[in-house]
Amino acid sequence: MDMLTKDKWIWAAGIEDTFVTQTAKGERPLDEYELTQHYQFWQSDLDLVKRSGATMIRYGIPWYKVEPVEGEFDWSWIDHVMEYFRKNDALTPIIDLMHYGTPHWLVNEFVHDHYPYFVSRYAKEFANRYRDVATYYTPLNEPYVNAEFCGLNGVWPPYLDGLSGFYQIAVQLGKGIIQTVYAIKEVVPDATMVHVDATKRYVSNDPHLQDEVDLWNENRFVMWELLSGRIFVDHPLYSFMKKHGVAEEDFQWFQNHAISFDIVGLNYYPQFSVHEVTRDEKGYIVYPHRMGTGIDLEKIINEAYRRYDAPIMITETSFNGTDHEKTAWLEECVQSCKKLRGTKNSIDRLDLVSLSRPCRLGISNI
């Protein structure tokens with residue numbers, strides 16, 4: 001982590017890169033590199049990032065294209081991009097190995113028994129080929145959201161639903177992340193892992209709902225807790241997760257293979273990351289979005305830092321609105337980070353901020 005110093009801010013950018021092309025319900029396959037024409041204009045996109053002044057970029061790899069047939073890898077397009085990074089070493093890539101979808105041959109996607117092996121094999125092949133240029137990695141982007149979309153709500157393959165589906169996906173993703181870390185570090189021992197997940201914060205004005213608030217404020221960290229092997233019998237989530245299908249041997253697996261975090265990456269969206277726990281007109285507990293603020297971001301950062309004692313990177317943030325509103329949010333975000341670094345017992349390792357997300361027309365969604 002030689003790029004991280006106590007007093008240096010590092011600005012990063014990112015190319016939006018969701019790949020969900022293995023669909024079974026008639027939806028349009030989603031490849032955001034296709035949608036933004038990045039496959040065609042990748043060089044000018046990266047040139048734009050350089051001109052923005054960013055010195056790092058989160059950069060996704062389309063696994064489904066790289067390994068179109070099980071065990072057969074096609075690096076032809078990726079080779080050109082990685083050669084760009086070799087020649088432009090002022091722009092350091094954080095390789096985003098998994099941004100949702102899997103290859104088409106992987107039946108049942110994340111719940112395939114051998115998913116952790118397959119994803120770690122792909123990661124090792126990548127690391128071995130590009131070890132001279134790629135030293136920063138995100139093993140899997142937003143495992144919590146992945147578990148929501150693929151396991152809780154049944155929106156993406158393999159279309160599970162309910163909390164049992166959520167935790168089934170979470171366990172598989174967690175095992176894949178850990179095996180990916182081991183696989184990369186076999187090839188690149190000094191690789192730095194930027195573990196990225198979505199942030200959430202739950203609040204309520206109803207004191208009768210405090211138990212619900214506490215549960216979901218704990219569950220928002222479930223992936224970090226699994227990966228670091230912290231979920232024992234006395235953990236606040238242990239009984240809840242067992243109730244919804246997580247086996248004792250799964251908890252033990254994570255305890256035996258626990259990892260620490262080089263960098264904790266937090267994705268915070270003020271319009272989506274904060275939820276108010278309340279009841280609807282029929283008395284059901286609901287969790288609508290509430291507009292988040294820089295203060296909410298500070299609270300999330302503080303708790304993540306105190307739990308995991310690792311450098312913090314704001315890996316995604318944006319605001320849907322006018323250019324003025326986007327700029328105002330960016331300024332508020334930066335001020336919150338500076339405030340945290342400047343207070344007593346400050347988070348002096350809050351060193352990176354990511355601007356989400358550049359397109360060929362400029363840095364968008366700020």
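Quick caveat: nothing in here was measured; it's all calculated off a predicted structure.
Crowding of Lys299 atom NZ: a count of heavy atoms from other residues, nucleotides or ligands under 6.0 Å not exceeding 12. When the shell of 6.0 Å around CD1 of Ile295 is examined, it contains 12 or fewer heavy atoms from other residues, nucleotides or ligands. Within a 6.0 Å sphere centred on CZ of Arg86, other residues, nucleotides and ligands contribute more than 12 heavy atoms.
Under the 3.5 Å distance criterion, with hydrogens and angles disregarded, a donor-acceptor pair is assigned to the side chains of Glu225 and Tyr308. Asn219 and Tyr144 form a side-chain donor-acceptor contact under 3.5 Å, judged by distance and modelled atom types alone. Side chains of Ser204 and Asp206: a donor-acceptor N/O pair is absent below 3.5 angstrom, by distance only. A side-chain donor from one of Thr293 and Asp296 sits under 3.5 Å from a side-chain acceptor of the other. Looking only at atom types and distance, the side chain of Gln210 has a donor-acceptor partner in the side chain of Asp214 under 3.5 Å away. Between the side chains of Thr317 and Trp329, a donor-acceptor pair is found at a separation under 3.5 Å. Tyr269 and Glu316 share a side-chain donor-acceptor pair at under 3.5 Å.
Every pair passing salt bridge (Lys or Arg N to Asp or Glu O under 4.0 Å) that includes a residue from residues 87-97 is listed here, sequence neighbours excluded: Arg58-Asp96.
No close placement of the His80 and Tyr84 rings is indicated, their centers lying 6.0 Å or farther apart. A ring-centre distance under 6.0 Å is not found for Phe19 and Trp63. Remark: aromatic rings of Tyr59 and Phe85 are close, center separation under 6.0 Å.
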Stepwise salt bridge (charged side-chain N to carboxylate O under 4.0 Å, His left out) test for Glu218 and Arg307: CA-CA 12 Å; Glu218 189 64 44; Arg307 283 185 183 230; 3.0 Å; yes
Full working for side-chain contact (heavy atoms from CB on, under 4.5 Å) between Thr278 and Val286: CA-CA 6 Å; Thr278 185; Val286 292; 3.6 Å; yes
Derivation and outcome, salt bridge (charged side-chain N to carboxylate O under 4.0 Å, His left out), residues Arg306 and Glu303: CA-CA 5 Å; Arg306 302 306 173 199; Glu303 184 162 0; over 6 Å; no
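Here Thr36 contributes atom OG1 and Ile15 contributes atom CD1; the two are 7.0 Å apart, rounded to the nearest 0.5 Å.
Contact check for His195 versus Ile259: side-chain heavy atoms found under the 4.5 Å cut-off. Inter-residue side-chain proximity for Val66 and Phe126 is flagged as unmet; no heavy-atom pair is nearer than 4.5 Å.
Under the 4.5 Å side-chain heavy-atom criterion for Ile, Leu, Val, Met, Phe, Trp and Tyr, Val111 and Val107 are members of distinct hydrophobic clusters.
Remark: Lys175 is positioned above the aromatic ring of Trp253, its terminal NZ or CZ atom under 6.0 angstrom from the ring centre and at most 45 degrees off the axis.
Across all non-hydrogen atoms, the minimal contact from Asp262 to Pro311 is O-CD, 3.1 Å. Counting all heavy atoms, side chain and backbone alike, Pro93 lies closest to Tyr136 at O-CB, 3.6 Å.
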